[in-house]
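For reference, the structure discussed in these notes is given below.
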Amino acid sequence: MSPLDRFCDTELSRKLMGRVAALADAVAERLGRPAVFIEVCGTHTVAISRLGLRSLLAGRVELRSGPGCPVCVTDHQEIDMMVNLARLPGVTVGTFGDMLRVPGSRSSLERERAGGADVRIFYSPLDAVAFAEANPGREVVFLGIGFETTAPAVAASLARARAKGVKNFSIFSAHKLIPPAIRAVLSDPELKLDGLILPGHVSAITGRRAFDFIVEEYGLPSVISGFEPMDILIALHELLLQLLQGEARVVNKYTRVVREEGNLDARKRIAECFEEVDVPWRGLGVIPESGLSLRETFRDFDARFKLNIEPAPPTPLYPPGCACKEILRGKLLPPECRLFGDVCTPVRPVGPCMVSSEGACAAYYRFERFSPVGGGI
Amino acid sequence: MCLGIVGKVIKVTAADDTAIIDVHGTRREISIALLGQVKVGDYVLVHAGFAIEKIDLKEAEQMVKMWEEQLNDVTPGQVL
């Protein structure tokens, strides 16, 4: 058996679960309430939901979700601009699949495709470069979405397009960065948190040090975690232990992947291509230096300039009743939204958190819709 | 999109920075442009068609072993 499989070991997980529950009780006694933790990664959202940890630890630990789903935090205005791109004659819009169904203020890429627009899903941005090479008569615009994990892939693809002289390829960058979003969440005085589970794969790029500010500025225990059952339990164990011992550190428990400085090659690629800009996040508003815009040296690959895309008018309105805004800030859990599971379902999503499979609402709908509150072990 | 997959490298083509990985029996070409050297037999973490980090199996082994020892050592009433 590979050591990686042992992170899914049932017997070991069950034993660790017992330790976590006992620690949680000790912490709850000290605090006079259950500890509240938040994760900021769509894959953690899904893993915690799928494992049923929330009901197992009900009354002992409260697990919340933050703005960790890149599709969910893409602003209406940016989606409207993507829709406008898809409507241009001769343009093929290439995207990661999750973006297709996310509603803008009037339409979505899926609806545009149904109406005849050429919108294609690519697993890798390199596939979009290859498609552009094979179809020189079309302008292929790849939507740069996602956090630190997808940005270097897009940057490397851009370098490939430039090296190969592919002139009919461009990027519409809507990339976002996780550390500034964490700062925005933690700056909200209404949200009382006791610790953070930090995104393992984003950390693989940024490195552990990128999160030191959480302890320096907010004094909160934080742990970088992987995504298997043992990983998440180890992370909870670490957070609870720090709380019990009155400590606050940023600890890396995903040591098989994450290094202190992260992936320096990938960080260099990002820095070569992009610069940090202030951008709006759905639910969180404009966050300083939280988005990645292509540098001036890449203007010939920047769809915003190449195709002269006008900024769409801002649309601060949310669908009536939709609580995605509060859910993305960790203030409400999906079942506390009055549309959840009734008006808003994965088949007919109202808000973005129900659209993406990494969204908190979609994860709850799939794994926790019928789970009893208060399970225990 | 953010879904990371873990695969074992079974072929490396250094000339164009690509590799073939095996993911539970499924094979796929990936780019290794974001990593330094990658060898056949390495495990890599892949996002959007790019390997973003090598997986340190020794580190994984050590961590699991440590937890196995801790959790199998039953001391009554032990909390930590």
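Labels below follow one simple rule: chain letters A, B, ... track the order of the sequence lines, proteins then strands, and each chain is numbered from 1.
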Derivation of the side-chain contact (heavy atoms from CB on, under 4.5 Å) call for B:E61 and A:R6:
CA-CA 9 Å; B:E61 175 88 45; A:R6 281 151 69 193; 3.2 Å; yes
Please flag which part of B:L45 lies under 4.5 Å from any non-hydrogen atom of chain A: side chain, backbone, both or neither.
side chain
Closest heavy-atom pair, A:P125 versus B:A48, reported as atoms and distance to 0.1 Å, is CD-O, 3.6 Å
Counting heavy-atom pairs under 4.5 Å to chain A, which of B:K65, B:M63, B:K58, B:Q62 comes out on top?
B:M63
Can you tell me which portion of A:D127 sits under 4.5 Å from chain B's heavy atoms? Options are side chain, backbone, both or neither.
side chain
Residue B:K54 versus chain A: region with a heavy atom under 4.5 Å
backbone
Only pairs of heavy atoms separated by less than 4.5 Å count here; which of A:A153, A:S356, A:P152 has the most with chain B?
A:A153
Let me see the working for B:H47 and A:F147 under side-chain contact (heavy atoms from CB on, under 4.5 Å), right down to the final yes or no.
CA-CA 11 Å; B:H47 265 260; A:F147 300 126; over 6 Å; no
Exam field: side chain B:D56 to backbone A:V257, donor-acceptor pair closer than 3.5 Å:
no
Checking A:K268 against chain B: side chain, backbone, both or neither under 4.5 Å from a heavy atom?
neither
For A:L12 and B:E68: C-alpha separation, side-chain torsions, deciding distance, then whether side-chain contact (heavy atoms from CB on, under 4.5 Å) applies.
CA-CA 7 Å; A:L12 213 53; B:E68 272 171 352; 3.6 Å; yes
Just do the side-chain contact (heavy atoms from CB on, under 4.5 Å) check on B:L34 and A:I205 with the steps written out, would you?
CA-CA 10 Å; B:L34 300 176; A:I205 304 292; 5.7 Å; no
Has the side chain of A:T255 got a donor or acceptor atom that lies under 3.5 Å from a matching backbone atom of B:E59?
no
Answer with side chain, backbone, both or neither: which region of B:L35 has an atom nearer than 4.5 Å to a non-hydrogen atom of chain A?
both
